[in-house]
Novice: 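Dropping the structure in here first, questions after.
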Amino acid sequence: MIESSTNAQIKKIKKIKKNARFRREQGLFAIEGWKMVQEAVRHGLARDIYVSEEALDQWQEKPFSSNMPVQVLSSGLFQELSDTVSPQGVLALVEMPHYTLDEICTGQTASLLILENIQDPGNLGTMMRTAEGAGMSGVLLGKGCVDIYNPKAIRATMGSLFRVPFLYSDELTTDVELLKTRGFTIYAAHLAGEVEYRQETYEGRTGILIGNEANGLSDEISARADRLVKISMEGELESLNAAVCAALLMYEVRRNRRLPIA
């Protein structure tokens, strides 16, 4: 059983949780909780699993854990590593999934959520989770977006980052133009939009552009959109939360296609 915070494995976990560059260098990120670890195991991405001494019996009862070796941590050490007040007692280091642009935009009715400079990890995680719920084909993120492997973002995805293909773009404007050559119509949520978002039909291949929480979309990326759409608001609000805007548009895409919601 590991009890010391100076253990090399424990230092590695802490650094992976705190440092995005180190995560990228290692190709690993950290997750917590039974459901998240089960998803990682199911997708063949779990590499190292750690269980608190109090949760060891529970781990051994899980059907997905029979062939997975684990390291046992003292309860105090596990609490030190955990990002939650009441940890479930299991965490894992997980290999980062990798997708290409081709993989996230397959099919004649592909629908992509395209994000520029999203900074709040909770917002990003919520958008990933909603993208799964709305049946989006994938998520394309500009390089200015917060790291999806940020612990807060991971928790907010509720496991969707294992099920929704996503890709960080080094040149978002270039990739948006590439999507247009592949038959995508790009809709941007924008305060200058002249058409209410519910008036569009979202036929064929569709991309939904959502911008930064404070500043919205840049002029450069807005100019690449085929349509600027607005979401009407009551009161004196200047804008809605970015994750709310994304949810409204993604579900409008689904509604127009009359896809059944399971």
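Positions are given from 1 along the sequence. Values reported hereafter were calculated over all heavy atoms of this structure, with side chains retained and with hydrogens, waters and symmetry mates removed.
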Novice: L45 and M96: same hydrophobic cluster, using ILVMFWY side-chain contacts below 4.5 Å?
Specialist: yes
Novice: Pair E132, S160 - check side chain to side chain donor-acceptor pair (under 3.5 Å), show working.
Specialist: CA-CA 6 Å; E132 180 180 15; S160 290; 2.5 Å; yes
Novice: For A55 and G89, which heavy atoms make the closest approach, and how far apart are they?
Specialist: CB-O, 3.6 Å
Novice: Are E200 and R227 packed together at the side-chain level, in the sense that at least one heavy-atom pair is separated by less than 4.5 angstrom?
Specialist: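 Yes, close enough: below the 4.5 Å cut-off.
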Novice: Do V176 and T173 come within less than 4.5 Å of each other through their side chains, counting heavy atoms only?
Specialist: no
Novice: Side-chain heavy atoms nearer than 4.5 Å, only ILVMFWY residues, links allowed to pass through others: does that put L191 and V229 together?
Specialist: yes
Novice: Does a side chain donor of either Q71 or D48 reach within less than 3.5 Å of an acceptor in the other side chain?
Specialist: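 Short answer, no.
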Novice: Who pairs with Y149 by ring pair (Phe, Tyr, Trp, His ring centres under 6.0 Å), at least two apart in sequence or on another chain?
Specialist: F29
Novice: By the salt bridge (charged side-chain N to carboxylate O under 4.0 Å, His left out) test, which pairs, at least two apart or in different chains, include something from residues 85-99?
Specialist: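 Non-adjacent pairs meeting salt bridge (charged side-chain N to carboxylate O under 4.0 Å, His left out): R47-E95.
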Novice: Assess the residue pair W34 and F64 against the criterion (ring pair (Phe, Tyr, Trp, His ring centres under 6.0 Å)); give the C-alpha distance rounded to whole Å, side-chain angles, the decisive distance to 0.1 Å, and a yes or no.
Specialist: CA-CA 10 Å; W34 295 110; F64 63 87; 7.0 Å; no
Novice: Less than 4.5 Å apart, any side-chain heavy atom of V139 and any of P165?
Specialist: no
Novice: Measuring only between side-chain heavy atoms, which start at C-beta, is F166 closer than 4.5 Å to P97?
Specialist: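 Yes, their side chains come closer than 4.5 Å.
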Novice: Would you indicate whether the side-chain heavy atoms of T206 and L112 approach each other to under 4.5 Å?
Specialist: no
Novice: Can any side-chain N or O of T185 pair as donor or acceptor with the backbone N or O of G183 at less than 3.5 Å?
Specialist: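 A pair under 3.5 Å: no.
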Novice: For residues I49 and M68, report the shortest heavy-atom separation together with the two atoms involved.
Specialist: CD1-CE, 3.5 Å
Novice: First locate atom CG of N256, then atom OH of Y202, and finally report the distance between them rounded to the nearest 0.5 Å.
Specialist: 7.0 Å
Novice: Do the side chain of N212 and the main chain of N117 share a donor and acceptor less than 3.5 angstrom apart?
Specialist: yes
Novice: Using atom types as modelled and distance alone, determine if a side-chain donor or acceptor of E53 lies under 3.5 Å from a backbone N or O of S75.
Specialist: yes
Novice: Can you name the closest pair of heavy atoms from I118 and G211 and give their distance?
Specialist: CD1-O, 3.1 Å
Novice: Do M158 and V94 sit in the same hydrophobic cluster, where Ile, Leu, Val, Met, Phe, Trp and Tyr count as joined when their side-chain heavy atoms come under 4.5 Å apart?
Specialist: no
Novice: Which residue pairs pass the salt bridge (charged side-chain N to carboxylate O under 4.0 Å, His left out) test with at least one member in residues 97-124, sequence neighbours excluded?
Specialist: D102-R182
Novice: A quick test of your reading: do over 12 heavy atoms of other residues, nucleotides or ligands sit less than 6.0 Å from CZ of R129?
Specialist: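 No, because the 6.0 Å sphere around CZ of R129 holds 12 heavy atoms or fewer from other groups.
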Novice: I'd like to know if the side chain of T130 and the backbone of A247 have a donor-acceptor N/O pair within less than 3.5 Å.
Specialist: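 The answer is no, because no donor-acceptor pair under 3.5 Å joins these two groups.
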Novice: Is it the case that D175 and S169 place a side-chain donor and acceptor less than 3.5 Å from each other?
Specialist: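 Yes, because at least one side-chain N or O of D175 sits under 3.5 Å from a partner of the opposite role on S169.
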Novice: Under 3.5 Å, is there a donor-acceptor pair between the side chain of Q88 and the main chain of E32?
Specialist: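 No, because the side chain of Q88 does not come within donor-acceptor range (under 3.5 Å) of the backbone of E32.
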Novice: Identify whether the distance between the nearest side-chain nitrogen and carboxylate oxygen of E177 and R224 falls below 4.0 Å.
Specialist: yes
Novice: Give a yes or no answer on whether the side chain of Y251 reaches the backbone of G133 with a donor-acceptor pair at less than 3.5 Å.
Specialist: yes
Novice: Minimum heavy-atom separation for M127 to I210, with atom names?
Specialist: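 What the structure gives for the nearest pair is CE-CG2, 4.4 Å.
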Novice: Tell me whether L113 is reachable from L248 by hopping between hydrophobic residues (I, L, V, M, F, W, Y) whose side-chain heavy atoms are closer than 4.5 Å.
Specialist: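 Shared cluster, yes.
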Novice: Measuring from atom CD of Q79 to atom OG of S74, what distance do you get when rounded to the nearest 0.5 angstrom?
Specialist: 10.5 Å
Novice: Okay, side chain of Y168, backbone of I148: is any donor-acceptor separation there less than 3.5 Å?
Specialist: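 It does hold such a pair.
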Novice: At what distance, to the nearest 0.5 angstrom, does SG of C245 lie from NE2 of H190?
Specialist: 12.0 Å
Novice: Would you check if the side chain of R254 reaches a backbone N or O of M250 as a donor-acceptor pair within less than 3.5 Å?
Specialist: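 Side chain of R254 to backbone of M250, a donor-acceptor pair under 3.5 Å: no, none is there.
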Novice: Calculate, to the nearest 0.5 Å, the distance between atoms CG and CG belonging to L172 and L217 respectively.
Specialist: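 If we round to the nearest 0.5 Å, L172:CG and L217:CG are 9.0 Å apart.
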Novice: The test is side chain to side chain contact (heavy atoms under 4.5 Å, CB included); show your working for L209 and I221 and say whether it passes.
Specialist: CA-CA 9 Å; L209 267 171; I221 198 71; 3.9 Å; yes
Novice: From N123 CG over to C145 SG, what is the distance, rounded to the nearest 0.5 angstrom?
Specialist: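 With rounding to 0.5 Å, CG (N123) is 11.0 Å from SG (C145).
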Novice: Would you say the side chain of F184 lies within less than 4.5 Å of the side chain of L178, judging by non-hydrogen atoms?
Specialist: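 L178 does not reach F184 side chain to side chain.
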Novice: Identify the heavy atoms of S222 and L228 that sit nearest to each other, and give their distance.
Specialist: O-CD2, 4.0 Å
Novice: Which donor-acceptor pairs under 3.5 Å do side chains of residues 36-43 form with protein atoms, sequence neighbours excluded?
Specialist:
unit_1	atom_1	unit_2	atom_2	d
E39	OE1	R42	NH2	3.0
E39	OE1	R163	NH1	3.2
E39	OE2	R42	NH2	3.2
E39	OE2	R163	NH1	3.4
H43	ND1	E39	O	2.9
H43	NE2	F162	O	3.3

Novice: Kindly determine whether L179 and L140 satisfy side chain to side chain contact (heavy atoms under 4.5 Å, CB included), including the steps that lead there.
Specialist: CA-CA 11 Å; L179 289 173; L140 181 64; 4.1 Å; yes
Novice: Can you list every salt bridge (charged side-chain N to carboxylate O under 4.0 Å, His left out) pair that touches residues 78-94, not counting sequence neighbours?
Specialist: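 Matches after skipping sequence neighbours: K14-E80, K17-D83, D83-R155.
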Novice: Are the side chain of N19 and the backbone of K15 linked by a donor-acceptor contact shorter than 3.5 Å?
Specialist: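 Checking the backbone N and O of K15 against the side chain of N19, no donor-acceptor pair under 3.5 Å is found.
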Novice: Is there side-chain contact between K230 and E194, with at least one heavy-atom pair below 4.5 Å?
Specialist: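 When only atoms from C-beta onward are counted, E194 and K230 do not touch, as no gap falls below 4.5 Å.
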Novice: Through direct or indirect side-chain contacts below 4.5 angstrom among Ile, Leu, Val, Met, Phe, Trp and Tyr, which residues connect to Y50?
Specialist: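 Via sub-4.5 Å side-chain contacts, Y50 links to I2, I10, I13, I16, F22, L28, L73, L77, F78, L81, L91, L93.
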Novice: Just by distance, do the side chain of D226 and the backbone of I186 share a donor-acceptor pair under 3.5 Å?
Specialist: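 Here the side-chain-to-backbone pair exists.
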Novice: Give, for atom CE of M136 and atom CD1 of I104, the distance between the pair rounded to the nearest 0.5 Å.
Specialist: 10.5 Å
Novice: Answer yes or no: are there more than 12 heavy-atom neighbours, outside E54 itself, under 6.0 Å from its atom CD?
Specialist: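 It does not: E54 CD has 12 such atoms or fewer within range.
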Novice: Identify the heavy atoms of L124 and D147 that sit nearest to each other, and give their distance.
Specialist: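 Scanning both residues, the minimum pair turns out to be CD2-C, 4.3 Å.
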